[in-house]
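One structure is given here, and the rest of the page talks about it.
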Amino acid sequence: MNTMEYAKSLVKQYDKNGDKMLQPDEQKELRGRAAESDLDHDGVITIDELVANLSSKTPATPSATASTSVATSSSSGGDSGHHHHDGDDKSKSDSDASKRVLYGSAGGAAAGTKDGDKRHSYRFTSADDKLPTGLPSWFKSKDANGDGQVEMSEYSHSWSKSTADEFQRYDKNGDGVITANEAAAKQ
């Protein structure tokens, strides 16, 4: 299960009101990194926040999440995140750090500093990037949602005995989903 699927399953499990986000009362049973995923400190954990936090190699720390909050609030002012706080050096430093974490681009706010080497990349590997070789030609075309597996609803919209038998031949563990590894296995 990739990070996006895991994040979606967490939201599905704990989302009581069906808004596809975890409100404060829905977050009570979350543990570990998932519980620390409210990166913009708005009280709500979104799927994107879960993916970003769970994919990161470093845990969300109060200072890292606080700087993310600074960037979010400064970038929402319509100036694309290039707002610098007047005042003490710490707020300027927090603002620069948050831009680096959120934007992570070369030539960003910290490009000329020693902190410039600490930028993080948030490029997620797609399911397509991880597909094994030797997949049947039908696999990618039937994988409508691009998650790297073919569910029964994607495989066929009308079922006959022969279609069901063919599906079962690929679905090695009988769970109703043909994974890329199952499809690539020699028949």
Side-chain angles (χ1 to χ4, degrees), residues 1-85 87-105 108-110 113-131 143 145-149 151 173 175-177 179-181:
M1 178 180 292
N2 68 30
T3 306
M4 177 62 84
E5 291 172 8
Y6 180 65
K8 286 179 180 178
S9 73
L10 281 175
V11 169
K12 184 177 180 180
Q13 180 178 357
Y14 296 109
D15 181 21
K16 294 179 180 108
N17 66 4
D19 65 354
K20 307 261 191 269
M21 297 182 278
L22 298 178
Q23 302 298 330
D25 64 314
E26 298 169 329
Q27 299 172 22
K28 293 176 183 163
E29 294 182 41
L30 289 178
R31 301 287 178 254
R33 294 183 74 147
E36 302 165 353
S37 293
D38 183 13
L39 301 179
D40 62 1
H41 301 287
D42 64 352
V44 176
I45 297 177
T46 64
I47 291 172
D48 290 340
E49 287 176 313
L50 277 166
V51 170
N53 194 33
L54 295 171
S55 297
S56 172
K57 295 197 185 308
T58 57
T61 60
S63 63
T65 54
S67 64
T68 303
S69 176
V70 170
T72 304
S73 64
S74 66
S75 65
S76 64
D79 60 357
S80 302
H82 296 291
H83 177 74
H84 292 284
H85 297 280
D88 65 20
D89 288 336
K90 180 166 178 13
S91 67
K92 183 178 183 323
S93 171
D94 283 350
S95 177
D96 290 347
S98 63
K99 287 178 190 167
R100 183 176 63 255
V101 169
L102 286 178
Y103 302 115
S105 60
T113 69
K114 65 181 180 178
D115 290 335
D117 296 333
K118 296 180 183 176
R119 288 172 287 168
H120 301 280
S121 172
Y122 291 103
R123 182 188 177 274
F124 299 106
T125 329
S126 71
D128 240 11
D129 296 338
K130 298 178 184 179
L131 291 176
D143 183 15
N145 61 3
D147 65 353
Q149 55 190 12
E151 298 175 18
N173 62 359
D175 64 353
V177 176
T179 65
N181 288 336

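Positions are given from 1, in the same order as the sequence printed here.
Looking only at side-chain heavy atoms (C-beta outward), Glu26 and Lys28 stay at 4.5 Å or farther from each other.
Listed by chain and residue number, Leu131, Pro132, Leu135, Phe139 satisfy the side chain to side chain contact (heavy atoms under 4.5 Å, CB included) test with Ala180 (two or more places apart in sequence, or in another chain). With sequence neighbours left out, Glu5 forms a side-chain hydrogen bond (donor to acceptor under 3.5 Å, both in side chains) with no residue at all. Take Asp175 and apply the side chain to side chain contact (heavy atoms under 4.5 Å, CB included) test, not counting sequence neighbours, and it matches Asp171, Asn173, Val177.
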Could you check Asn2 against Asp147 for side chain to side chain contact (heavy atoms under 4.5 Å, CB included), going step by step and ending with a plain yes or no?
-> CA-CA 9 Å; Asn2 68 30; Asp147 65 353; 5.7 Å; no
Residue pair Val11, Met21: steps toward the side chain to side chain contact (heavy atoms under 4.5 Å, CB included) verdict | CA-CA 6 Å; Val11 169; Met21 297 182 278; 6.0 Å; no
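For the atom pair CD of Glu29 and CG of Leu10, the computed distance is 11.5 Å after rounding to the nearest 0.5 Å. Here His41 contributes atom NE2 and Glu49 contributes atom CD; the two are 9.0 Å apart, rounded to the nearest 0.5 Å. With rounding to the nearest 0.5 Å, the separation of CG in Asp40 from OG1 in Thr46 is 7.0 Å. Separating the CE atom in Met4 from the CG atom in Leu50 is a distance of 10.0 Å, to the nearest 0.5 Å. The CZ atom of Arg33 sits 8.5 Å away from atom OG of Ser55, with the distance rounded to the nearest 0.5 Å. Atom OG in Ser9 sits 9.5 Å away from atom CD1 in Ile47 (nearest 0.5 Å).
Enclosure of atom OH in Tyr6 is not indicated, since only 12 or fewer non-hydrogen atoms of other residues, nucleotides or ligands lie within 6.0 angstrom.
Contact record, Gly43 with Asp38: N-OD2, 2.7 Å, taken as the closest heavy-atom pair. Closest non-hydrogen pair, Ile45 versus Ala35, comes out as CD1-O, 4.3 Å.
Side chain of Gln149 to main chain of Asp143: no donor-acceptor pair is present (N/O by atom type, distance under 3.5 Å, no hydrogens or angles). Between the side chain of Asp15 and the backbone N or O of Leu22, no donor-acceptor pair lies under 3.5 Å.
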